[in-house]
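Working notes, structure below.
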Amino acid sequence: MDKYTFPCDPVANPAAVVKGPTYRFTLLSETVLRYEWAEDGVFEDRASAFAINRNFTPPAFTVNDGDEQIEVVARNFHITYDKKRFSRSGFIVGFPSKVTLWGADWRYGETAKDNLGGTARTLDEVDGRCDMGEGVLSRSGFTTLDDSETFLFDGQGFVAPRRSGDRIDGYMFVYGHDYKGAMKAFYDISGRQPALPRWALGNWWSRYHPYSASEYIQLMDTFAKRDVPLSVAVVDMDWHQVKGDHIPHAGWTGYSWNKELFPDPAAFGKALHDRGLKITLNDHPHGGVHHHEDLYETMAKAIGHDTSKKAPILFNPTDPKFMDAFLSVLHRSIEKEACDFWWIDWQQGPISRIPGLDPLWLLNYFHFQDHVNQNGEGKGIIFSRYAGPGSHRYPVGFSGDSIRTWESLQFQPEFTATASNIGYGWWSHDIGGHMGGIRDDEMATRWIQYGVFSPIFRLHSSNSQWTSKEPWKFRTEHCQAMEHFMQFRHRMVPYLHTVNLQGGAEPIVRPLYWEYPAREEAYEKPNEYFFGSHLIVAPIVTKRNPDTNLASVNVWVPPGRHVDIFTGQIYDGDREIQMYRPIETIPVITPEGSIIPLDADTFPENGCQNPTALEVIIVVGKDGEFTILEDPNDDIGADKTIVNGTASNHRKITLDYKQSTGRLRVSESNKTWKFKFLSLTNIPSTLEVRVGDVITNCNIHVDTTPSPGLVVQIPPQSEARDVEITLGPEPQLGVLDRLAVLTKWLLDFQMDFTVKDKILAAVEGKTLASRIGGVMSLGLEGDVSGPVVELLTGDSRV
């Protein structure tokens with residue numbers, strides 16, 4: 001089982017340890033304390049499901065060891081302990097942080113107040129909210145994590161239960177308002193999120209439906225004909241035999257292809273691969289391998305199972321021999337035909353033959369490590385459910401069968417962002433909802449728009465003729481919006497994959513309070529979140545007003561001026577504002593100094609390979625920098641060579657913008673470039689473009705739709721060269737024509753023409769106060785006056 005080992009460093013630095021006959025304290029850092037009690041005095045140094053690294057440079061601390069009490073004092077905490085079994089009265093930790101005016105302390109067994117939540121094992125049958133448990137972050141400035149009952153890694157590629165007896169194994173995180181420091185400490189101990197393969201960041205198609213091979217391939221071709229790119233083809237459980245008198249068990253387990261639907265599995269796999277798609281097959285392993293399965297004899301031989309009485313090979317993840325054959329014999333045989341990775345659909349609970357060994361944990365760990373062994377670091381992926389702290393090491397998460405309602409949609413952004421507080425950054429939801437609920441085209445569109453700005457975008461639905469999520473099955477305006485956003489998802493992959501490769505210590509989706517822990521507004525907007533390094537997303541999750549055709553969301557714009565990447569609208573920072581949008585878009589804002597690389601192809605191909613042409617959005621006003629990372633193995637036509645088990649070195653393309661000179665520099669590259677200086681609405685007289693050492697004539701113009709901006713297009717180059725664009729000193733975002741936007745909106749408002757005239761007359765006042773006063777004096781409903789106020793007050797510049 002050595003092939004399933006992974007790098008870890010679980011034995012703490014002896015200089016960090018304070019111990020007695022039945023207790024041990026380990027000061028892992030200035031942020032984290034490990035506390036243990038064992039009645040037999042035997043402590044645990046093996047890696048656990050949560051903690052795989054404990055060997056760090058210890059912080060400075062002092063010890064005052066008396067006959068009946070011991071005190072340990074470090075910079076961030078003061079331990080007082082009576083040397084008995086841990087209790088509320090005998091084990092106390094005090095904190096000097098000034099998160100509260102009255103100070104803080106913790107007594108063993110207490111839960112920190114104001115915990116900001118973690119995540120849940122599943123959203124199965126959830127309609128609206130569910131309990132998200134506890135994460136590492138709390139507004140109290142500390143939290144505890146109980147690791148007493150998780151399983152252990154034996155250091156030889158397998159796992160082991162905890163020792164019996166009365167034992168306590170806990171971790172305390174102390175961080176004040178330094179939430180990012182707390183999460184860094186969490187990842188240091190529990191391991192970082194692994195990078196995903198680039199193709200995982202594109203659009204996934206999934207549906208619980210008994211597709212035939214020809215039907216599935218035809219559907220993929222329809223997406224392609226409509227210029228809607230995909231990267232992953234999910235095949236639910238009907239790929240294998242699930243019904244028939246010859247099947248000796250109940251349930252959804254199966255490992256033999258349904259030849260009525262898939263007469264030639266290898267040809268089906270090749271057809272999807274030829275279309276640039278990766279394949280994942282659903283696996284419910286609970287039922288084991290029975291005698292009717294094609295691979296029954298092969299599997300039995302691998303583990304020495306007696307087949308004379310056709311006895312089933314029971315699923316037993318606690319047996320190393322079984323698990324190795326389960327992966328390297330059973331699954332490997334199917335992978336050779338048509339499977340790139342597995343959807344592990346375990347629903348049978350946390351109990352196995354050995355107490356403490358959760359089958360879901362074991363499936364996630366072994367499947368992921370097996371996939372890494374086959375494909376190399378940064379190329380490993382599974383698709384499974386959350387199993388507890390430490391699960392972030394085994395992405396991607398399948399959140400389960402949510403109910404198709406507005407209430408479910410309204411909860412998913414918060415649920416996804418909050419999961420970052422327990423380090424879990426790669427949730428994949430059933431976008432659009434799985435089952436039940438209602439048909440609502442507007443809801444489906446808003447769900448897709450949110451899904452495009454979620455970690456993994458995967459359309460999914462139940463086996464019903466009414467619920468499938470093909471965009472063209474919805475009304476025209478919704479279809480167009482869905483297809484546009486799915487195209488945009490693939491265009492974002494250069495940005496997303498760079499964040500993916502850099503993001504081991506920061507999930508791609510993060511709550512606002514990660515960056516602004518002292519601001520109350522950051523806690524009051526749980527559905528607004530950071531998406532990567534430069535974007536802030538506020539999904540619309542409520543119905544639009546039928547008279548204005550606009551829906552809205554209350555947005556907190558953090559300090560500093562921000563621009564909406566879809567509309568070019570400019571917003572002063574450090575304020576709340578109600579933002580209104582038609583069905584075509586949602587608010588996605590980015591601050592001055594942002595640089596966001598996109599695929600320049602409006603209609604990207606399947607598979608998310610490295611584009612040869614890039615469009616870069618630049619927001620002037622502050623200095624900015626972005627380094628695009630690419631794996632040459634992802635180039636079009638690359639041979640996908642894996643060097644020494646890891647991907648080849650990443651290619652770096654650095655973009656650096658200096659506000660004082662208005663100069664953008666791009667490191668040497670053979671890309672074809674399109675640069676868009678968002679909301680810059682004129683061509684500076686000082687504009688100069690250099691390619692290499694040569695001043696170059698190129699296509700320069702101002703776009704007006706769908707978002708305004710100065711566009712500089714560099715013609716294709718025969719060799720790799722650097723690019724330099726100089727706008728001139730201190731360029732500023734333009735003041736947009738808000739009257740034109742308002743007129744466009746009013747044209748669509750279903751209302752009296754004279755009222756429209758009065759609104760336009762009111763906004764032509766000389767001062768902002770007179771404009772707003774004029775609009776409010778009309779006695780309009782909030783959904784009518786709100787969009788006008790947004791346009792008038794978003795950017796205070798006249």
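- Look at D124 and R385 and you find a salt bridge, because one of the NZ, NE, NH1 or NH2 atoms lies within 4.0 Å of a carboxylate O, short of that distance.
- Under the 6.0 Å cut-off for aromatic ring centres, W239 and F268 do not qualify, their centroids lying 6.0 Å or more apart.
- Without hydrogens or angle criteria, Y4 side chain to Y365 main chain gives no donor-acceptor distance under 3.5 Å.
- Considering CZ of R207 and OH of Y216, their distance stands at 11.0 Å, rounded to 0.5 Å.
- With values rounded to the nearest 0.5 angstrom, L230 atom CG is found 12.5 Å from R489 atom CZ.
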**Request:** Give the C-alpha distance, both sets of side-chain angles, the deciding distance and a yes or no for ring-ring contact (aromatic ring centres under 6.0 Å, His included) between F151 and F153.
**Result:** CA-CA 7 Å; F151 73 84; F153 295 100; 5.2 Å; yes
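- Atom CG of residue D169 and atom CG of residue D146 lie 8.0 Å apart, to the nearest 0.5 angstrom.
- Within a 6.0 Å sphere centred on CD of Q218, other residues, nucleotides and ligands contribute 12 heavy atoms or fewer.
- A side-chain N or O of T416 and one of Y450 form a donor-acceptor pair less than 3.5 Å apart.
- Taking the charged nitrogens against the carboxylate oxygens, K243 and D238 have no contact shorter than 4.0 Å, which rules out a salt bridge.
- A distance of 9.5 Å separates CE of M220 from CZ of R275, quoted to the nearest 0.5 Å.
- Panel note: side chain Y187, backbone Q193; no donor-acceptor pair is recorded below 3.5 Å.
- Judged by distance alone, the side chains of H246 and Q241 do bring a donor and an acceptor atom under 3.5 Å apart.
- Between the side chain of S391 and the backbone N or O of A387 there is at least one donor-acceptor pair closer than 3.5 Å.
- The backbone N or O of V234 sits nowhere less than 3.5 Å from a side-chain atom of S206 that would complete a donor-acceptor pair.
- Taking the six-membered ring for Trp, W204 and F383 have ring centres closer than 6.0 Å.
- Distance check, rounded to the nearest 0.5 Å: CD1 of I303 to CE of M299 gives 5.0 Å.
- Ionic pairing of D45 and R54 is not present here: no N-O contact between side-chain nitrogen and carboxylate oxygen is shorter than 4.0 angstrom.
- Heavy atoms from other residues, nucleotides or ligands lying under 6.0 Å from CD1 of I351 number 12 at most.
- With salt bridges taken as basic N to acidic carboxylate O contacts below 4.0 Å, none links R163 and D40.
- The aromatic rings of F186 and F50 are tilted relative to each other, their planes meeting at an angle between 30° and 60°.
- In this structure, D370 does not pair ionically with K3, as no charged nitrogen and carboxylate oxygen lie closer than 4.0 Å.
- In terms of modelled atom types and a separation under 3.5 Å, the side chain of H371 and the main chain of I381 share a donor-acceptor contact.
- Taking both residues in full, the closest heavy atoms of T143 and V136 are given as CG2-O, 2.7 Å, listed atom of the first, atom of the second, then distance.
- Ring centroid separation for the pair F315 and W346 comes in under the 6.0 Å cut-off.
- W342 and I334 make their closest contact through CH2-CG2, 3.8 Å (heavy atoms, listed as atom of the first residue, atom of the second, distance).
- For the pair L272 and I217, the tightest heavy-atom approach, listed with the atom from each and the gap, is CD2-CG1, 4.4 Å.
- In this structure, H429 and W427 have parallel ring planes: the angle between them is below the 30° cut-off, well short of the 60° mark.
- Atom NE2 of H286 is surrounded by 12 or fewer heavy atoms from other residues, nucleotides or ligands within 6.0 Å.
- Taking all atoms of both residues into account, the shortest heavy-atom contact from S352 to T318 is OG-CG2, 3.5 Å.
- Between the side chains of T150 and W361, no donor-acceptor pair of N or O atoms lies under 3.5 Å.
- The side-chain heavy atoms of F326 and H367, taken from C-beta on, include a pair separated by under 4.5 Å.
- Heavy-atom neighbours of E44 CD from other residues, nucleotides or ligands within 6.0 Å: above the threshold of 12.
- S333 contributes a side-chain N or O that, together with a main-chain N or O of V329, makes up a donor-acceptor pair within less than 3.5 Å.
- Of the N and O atoms on the side chains of S214 and S212, at least one donor lies less than 3.5 Å from an acceptor on the other residue.
- Between the CG atom in N282 and the OG1 atom in T253 there is a gap of 9.5 Å [rounded to 0.5 Å].
- At a cut-off of 3.5 Å, with distance as the only test, a side-chain donor of W447 or Q412 sits close to an acceptor on the other residue.
- Side chains of H497 and N500: a donor on one and an acceptor on the other come within 3.5 Å.
- Aromatic ring centres of F366 and F158: separated by under 6.0 Å.
- Not less than 6.0 angstrom separates the ring centroid of H392 from the ring centroid of Y386.
- In this structure a side-chain-to-backbone donor-acceptor pair under 3.5 Å is present from R393 to A49.
- Side-chain atoms of R198 come within 3.5 Å of backbone atoms of C608 as a donor-acceptor pair (strictly under, hydrogens ignored).
- A pairwise comparison of heavy atoms in G349 and P359 identifies O-CD, 4.0 Å as the closest pair.
- Screening K469, H460, R458 for a side chain to side chain contact (heavy atoms under 4.5 Å, CB included) involving W205 leaves a single residue, K469.
- Under 3.5 Å, the side chains of W252 and Q347 contain no donor-acceptor pair of N or O atoms.
- Without hydrogens or angle criteria, R34 side chain to Y171 main chain gives no donor-acceptor distance under 3.5 Å.
- Looking only at side-chain heavy atoms (C-beta outward), S384 and L363 stay at 4.5 Å or farther from each other.
- Without hydrogens or angle criteria, D340 side chain to I279 main chain gives a donor-acceptor distance under 3.5 Å.
- With 3.5 Å as the limit, one finds a donor-acceptor pair spanning the side chains of H331 and D283.
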**Message:** Please determine whether side chain to side chain contact (heavy atoms under 4.5 Å, CB included) holds for the pair N53 and C8, giving the CA-CA distance in whole Å, both sets of side-chain angles, and the decisive distance to 0.1 Å.
**Reply:** CA-CA 6 Å; N53 299 311; C8 61; 4.2 Å; yes
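- Inspection of the D430 and S402 side chains reveals no N or O donor paired with an N or O acceptor under 3.5 Å.
- The nearest pair of heavy atoms linking F368 to P395 is CE1-CD, 3.6 Å.
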